Amino acid sequence: MNIAAMVLLTVLIFAEKCFPPGARVAQFAALALILYSTLVIVVPAALPLSGAGM
Amino acid sequence: MHLQRERTFILTLLLVLAAASWAILIWQSRTAQGMGGGLTMGMGAALFLAIWGVMMVAMMFPSATPVILAVARVKRNTGTFRYVFAPTWVFVGAYLLIWTLFGGLSYLGALAASELAKQVPWIMINAARIGGGILMLAGIYQLTSIKRVCLAKCRAPENFILHSWGKEYSGSLRMGLKYGIYCLGSYWLLFVLLFPWE
């Protein structure tokens, strides 16, 4: 478990649910996730994995 | 008790619980570092669910607070309860129940994935790329109509809070379950993302 990832996710959920342009925030998050996932698929080291390798 | 004071009390309690939950998560992540044990971090089902519950309180209470306070107001306005404290917490409990059930499913999923990884070396070698694949799915899910509908209900639950109204505690229970399901529909895949992270 990664505290930084949890904080990031909590902020994202708060922004999507409570800010007026929440639907826009969700689309922006989609773009960020897709870009980051592309990076991870090309350069797997970009995703810090948990101890057991998975 | 006056509604305003009751709502202040509920708000304080929600914030204290969320803060305490963050403290537990930070403490837990420090003690569990480098423990390994696969996706379930070597935890038994009971401990996993307990930590999961704490995580839900920490992560979901901040954004659920406005809705929980709205429930307290509606409960008072419809006038069957002298005190809104108990029915409001039935709502919160039902909301957490949905997330805990999802936690149980996640535990089983994590066990199965860890077991599969032991059998199939390809999974271990490509763990990061598989993580990347889940990130990609989560990104695509953000753009689906299921996410859009669930988020809209989760953002503005006033309609179904008013419509799924029951006079007794069962009304709070039903509302909490509904609210939980819509929020789960919005965010379940994002929580799956937490598993592969160090």
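Here the structure is a predicted model, which is why all the values come from computation and not from measurement. Order of the sequence lines fixes the chain letters, A, B, ..., with proteins taken first and strands second; residue numbering starts at 1 for each chain.
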Does A:Met6 reach the side chain of B:Met59, with side-chain heavy atoms less than 4.5 Å apart?
yes
Can you say whether A:Phe28 sits under 4.5 Å from chain B via the side chain, the backbone, both, or neither, judging by heavy atoms?
neither
Look at the side-chain heavy atoms of Ile, Leu, Val, Met, Phe, Trp and Tyr, link any pair under 4.5 Å apart, and say whether B:Phe61 and B:Ile181 land in one connected group.
yes
Do B:Leu108 and B:Leu116 belong to the same hydrophobic cluster, where Ile, Leu, Val, Met, Phe, Trp and Tyr are linked whenever their side-chain heavy atoms lie under 4.5 Å apart, directly or via other members?
no
What is the minimum heavy-atom distance between B:Ala128 and A:Pro44, and which atoms define it?
CB-O, 3.4 Å
Where do A:Ile3 and B:Ser29 come nearest, in terms of heavy atoms and distance?
CG1-OG, 3.4 Å
Any side-chain heavy atom of A:Thr38 within less than 4.5 Å of one from B:Met136?
yes
Least distance between heavy atoms, A:Ser37 atom then B:Gly132 atom:
CB-O, 3.1 Å
Is A:Leu9 close to B:Leu194 at the side-chain level, that is, under 4.5 Å between some pair of heavy atoms?
yes
For B:Leu151 against A:Ala23, the heavy-atom pair lying closest together:
CD2-CA, 4.3 Å
Indicate if A:Leu35 and B:Leu189 have the same hydrophobic cluster label, given that clusters are the connected sets of ILVMFWY residues with side-chain heavy-atom separations under 4.5 angstrom.
no
Is A:Leu33 close to B:Ile140 at the side-chain level, that is, under 4.5 Å between some pair of heavy atoms?
no
Under 4.5 Å from a heavy atom of chain A, the part of B:Pro62 involved
both
Taking atom CG of B:Leu193 and atom CG of A:Leu8, what is their separation to the nearest 0.5 Å?
10.5 Å
Going from NZ on A:Lys17 to CE on B:Met60, what distance comes out if it is rounded to the nearest 0.5 angstrom?
4.5 Å
Rounding to 0.5 Å, atoms CD1 (B:Ile130) and CG (A:Leu47) come to a distance of 11.0 Å
Measure the spacing between CD1 of A:Ile13 and CZ of B:Phe191 and express it to the nearest 0.5 Å.
4.0 Å
Can you tell me if B:Arg155 uses its side chain to pair, donor with acceptor, with the backbone of A:Pro20 under 3.5 Å?
yes
With hydrophobic residues grouped by side-chain heavy-atom distances under 4.5 Å, do A:Ile41 and A:Leu39 end up in a single group?
no
Between atom CD of A:Glu16 and atom CD of B:Gln142, what is the distance when rounded to the nearest 0.5 Å?
5.0 Å
Is there a side-chain contact between A:Thr10 and B:Trp22 (heavy atoms, below 4.5 Å)?
yes
Same hydrophobic cluster for B:Met56 and A:Phe14, using side-chain heavy-atom links shorter than 4.5 Å among ILVMFWY?
no
Chain B heavy atoms under 4.5 Å from A:Val42: which part of the residue, side chain, backbone, both or neither?
backbone
